[in-house]
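Sequence lines set the chain letters: A, B, ... in the order given, protein chains first and strands last, and positions in each chain run from 1. Note that these values count all heavy atoms, side chains included, but never hydrogens, waters or copies made by symmetry.
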Amino acid sequence: MTWAKSINFESLIQHTRRPTVSDKSTPTTVKSNYLDELNEIQRQAVLCIDGPVMIVAGAGSGKTRVLTYRIAHLLQSGVDAFNILALTFTNKAAREMKERIGKIVSEGESRNLWMGTFHSVFARILRAEATKIGYPANFTIYDTDDSKSLIKTILKELGLDEKIYKPNLVYSRISSAKNNLIGSKAYLHDKSANEEDRLSGKPKIGEIYERYARRCFKAGAMDFDDLLFNTNILLRDFPEALYKYQDKFRHILVDEYQDTNFSQYVIVKQLAARFENICVVGDDAQSIYSFRGANIQNILNFEKDYPDMKTFKLEQNYRSTQNIVKAANSVIAKNKDQIDKKVWTSNADGDRILLMKANSDNEEGQIVARSIFETKMNKQAPNKAFAILYRTNAQSRAMEEALRRMNIPYRIYGGLSFYQRKEVKDLLAYFRLAINPSDEEALKRVINYPARGIGDTTIQKISLAAADHDISLWTILENMGDFNLEINTGTTNRLSEFVVMIKNFTAMIFSLNAYDLGMNIANSCGLLRELYTDKSPEGVSRYENVQELLNGLKEFSDSGNNGIELPEDADMVPDTTPLVVPMPVSAAEPDLLSALAEEPDADENPADTGAKPAVKRLPEFMQDIALLTDSDSKKAKENADQVSLMTIHAAKGLEFPYVYIVGLEENLFPSQMALNSRTELEEERRLFYVAITRAEKQAFMSYATSRYRWGNLINCEPSRFIEEIEAEFIEFAPSAMPSGTPRQGFGIRQKNATDVSNRNKTGEDVYTPATAPVKKNLVKLNTAVKQSTGAVYDNSHLKKLTVGMQVEHERFGTGIVSAIEGEFPNNKATVEFDTVGQKQLLLKFAKLSILS
DNA sequence: GTGTAATGCTATTGG
DNA sequence: AGCATTACAC
């Protein structure tokens, strides 16, 4: 692991060697009843709570049960819930596990566990520590749409062609750099990355990345990957923070370890370094997220990281029939890279996998729907016993239609989540702006929605000025008089009305609870009115969605539940310790940031009472909202009797009595994109393995010989995966056996020409440390803080600026002052920069330092 | 600046 | 086929 090696973490990690694995690992206060529900290996895995442990958990082997009991056991052995960090793959998994643990121990205790996804846990920690790394505590989390929109903006600014620099591709380049802990500056100097970009004809990716990172920072925003990246920065550059969390999280558990990426890996490694009470749970055979940076090596190399670790292999499957387990085993055996294990079951043989053939995607839907109907009758099973799994979301439509026609209730998981709907995002954007007016994506989203006569050209002018002065759009809007924007008075008035409106919202953040403020915003921003006037069915639905969001806000205000439950820890109050002398704040402006950080209305000393603050406010509601996904919206009646439709990725960790795996065709599953290398194909195969092993009683598979794609019909060939299942476990439905040419498409298949060896993408990138050295952070801190409050910079040192001086600008570099006009604080300087030429700068805003 | 019609591009997988 | 962006008329 080149990166891991090149980071000198050893020097940072405070090695307090944990006690050697003790012989007193026999607990004293364990309720015997839950241990009785475990088999021998499971029990050992639960009881071994000292030191590094790897649990290799085959599909259906009771992994969740082991994790749950292990945590319960830790608690009963006297470990404080606050000292346990359990990282799960979804928020839903965390919620469910907490519930189960609550039933074994007490609910009060389980609530104090630090349990959630990497993103939600470290977002919470970053809220408390943000100022250390130069971010405001009220930072926004950009979702993928925000990120891509920002990338598009940057592409336009740089005059790059979106067809060459596809935003999706640029985004994933940046994302994978971050997940490998390569910051934008490091990326620019990264030979292999540059080489790769140059060869792919996109040499400017580094430049885009740098701008992107700068813009996010200025907007006080982190994207998903930043949550992990910045956690790493925090732990690397602030040893006292590292020490604090090492000490706090004395026991660390990571679920689905096979799907962690490098960034996550380093976080865990760092946090666990002191006590090494780390337990990872995973199954290499179910690693299906390499496309977003997951590195299967993390689990394969666990032993190298912790040579004295204990391994427990859970190999007995309790979920599925013999047929399903054996069929799945016969498939996964085709993969090369795996941990040696043998999943077995003592369950009944069960029915064979039923393979069905259709002539088109629509017919496939009908066949599947009909089969579900029949199986329901034959087995007397409810709808919720069924799941339809597919490789791509686009396949859901044909299934939906067929189910609807047969009056079979269903629910689609994934796709557009509630929080991604346009109308919901619009209102959320107003909320975001109220909390953090620097949030550029939110600003652009709603500055002219509902339409208020602020058009593209106006926004262009403002953006240009912002780029020119290297300040945020919001700062321009607040100080329009100071810039020659050449915007007519009518528009100027509308702009200032908008600014006043947002400022009013901001001013109410602490006086109103989340619901009252949200309602107030929804009413006065004009969005509710706009939606209400639209009486089309879609319009009504949009209105209802906004109402739904407000309902959620209401519930949150009453109960404090926004879908992610993490403890409110006494020592997790945002750290307001000033790293630099606090900047003076102009009298007119409330010091919002410190208000946010200090929470004036909150209990003075929560540690004394243990009570939560009485009033639930909007910032608290918003703090994790970008991290919520569809499956987290708990209101969707989990228990409704519906057939589940979802992608195989979304089905990870779930199980159903009857599972339909559809669209088993070459170029669809395995995906066309995965045919370039062995490793990619192996990941597809693991995905197939995951799909099969979701089934408890019977698996069904189907393929179509033709389907619509981009509006035209294409021919399809059955997937190679079908013939990888040993024949004895499969049964062909009558229609799947074409009369003329039996087993058409089977047997003889040409080897895929591109099925070559490993593409070796392990990348020898070099991690350049000190992407953000401490000192620099201090400087940046000022700008971040000030921007988030909208206050004026303290540039009083520029009073003594005179013509002829050499100055340095954060972005424009060095230059010579050629003219000064106006009176402080409204004076302007003309600077001849060495590289970017002449610029006029308002000293009030410019971040200049005087060199000589 | 706003709204609509025509065009063109796209569909792995997801927190 | 569906969505997003662009072109063009008001």
Exercise for review: Determine the contact category for A:Ser120: base if any of its heavy atoms lies under 4.0 Å from a base atom, sugar-phosphate if only primed atoms, P, OP1 or OP2 are that close, otherwise nothing.
Suggested key: nothing
Review point. In terms of side-chain heavy atoms of A:Ala650, which of B:dG15, B:dG14, B:dT12 is nearest?
Key: B:dG14
Check your understanding: Is there a side-chain polar atom (N or O) of A:Asn667 under 4.0 Å from OP1 or OP2 of B:dT12?
Key -> no
Review point. Just checking A:Asn393: base, sugar-phosphate only, or nothing, at a heavy-atom cut-off of under 4.0 Å?
Key: sugar-phosphate
Check your understanding: Within the side chain of A:Asn488, is there an N or O that forms a donor-acceptor pair under 3.5 Å with the backbone of A:Thr491?
Key -> yes
Review point. Is any NZ, NE, NH1 or NH2 atom of the basic residue among A:Lys652 and A:Glu256 found under 4.0 Å from an Asp or Glu carboxylate oxygen of the other?
Key: yes
Point to revise | Face-to-face contact A:Phe291 to B:dT12 six-ring, under 5.5 Å, under 30° | key: no
Exercise for review: Quick one: label A:Phe669 by what it contacts on the DNA or RNA (base, sugar-phosphate, nothing), any heavy atom closer than 4.0 Å.
Suggested key: nothing
Review point. Which of the following nucleotides, B:dT12, B:dT10, B:dC9, is nearest to the side chain of A:Met673?
Key: B:dT12
Check your understanding: Looking at A:Asn91, does any N or O in its side chain come under 4.0 Å of the phosphate oxygens OP1/OP2 on B:dG15?
Key -> no
Check your understanding: Of all the nucleotides listed (B:dA11, B:dT13, B:dG15), which has the minimum atom distance to the side chain of A:Trp710?
Key -> B:dA11
Exercise for review: Check whether any side-chain nitrogen or oxygen of A:Thr144 sits under 4.0 Å from OP1 or OP2 of B:dG14, and answer yes or no.
Suggested key: no
Practice item. Have a look at A:Lys422 and say if it touches a base, only the backbone sugar-phosphate, or nothing, with a 4.0 Å heavy-atom cut-off. Key: nothing
Exercise for review: Would you verify whether the NZ or CZ of A:Lys178 falls within 45 degrees of the ring axis of A:Phe229 while also being under 6.0 Å from that six-membered ring's centre?
Suggested key: no
Exercise for review: Please tell me which of the listed nucleotides, B:dG15, B:dT2, B:dT12, lies nearest to the side chain of A:Ala451?
Suggested key: B:dT2
Practice item. Tell me which of A:Phe89 and A:Ile459 sits closer to the 5' end of DNA chain B, going by the nucleotide each one is nearest to. Key: A:Ile459
Check your understanding: Are A:Lys652 and B:dG14 close enough that a side-chain N or O sits under 4.0 Å from OP1 or OP2?
Key -> no
Review point. Is the distance from OP1 or OP2 of B:dG14 to the nearest side-chain N or O of A:Thr647 less than 4.0 Å?
Key: yes
Practice item. For the pair A:Asp439 (side chain) and A:Ala221 (backbone), establish whether a donor and an acceptor sit closer than 3.5 Å, ignoring hydrogens and angles. Key: no
Point to revise | 5' precedence on DNA chain B between A:Asn179 and A:Asn168 (nearest-nucleotide basis) | key: A:Asn168
Check your understanding: Does A:Ser706 use its side chain to pair, donor to acceptor, with the backbone of A:Asn359 at less than 3.5 Å?
Key -> yes
Check your understanding: So what does A:Asn712 hit on the nucleic acid, given a heavy-atom distance under 4.0 Å: a base, only sugar-phosphate, or nothing?
Key -> nothing
Revision key, fill the gap. Of B:dG15, B:dA11, B:dG1, the nucleotide closest to the side chain of A:Arg709 is B:dA11
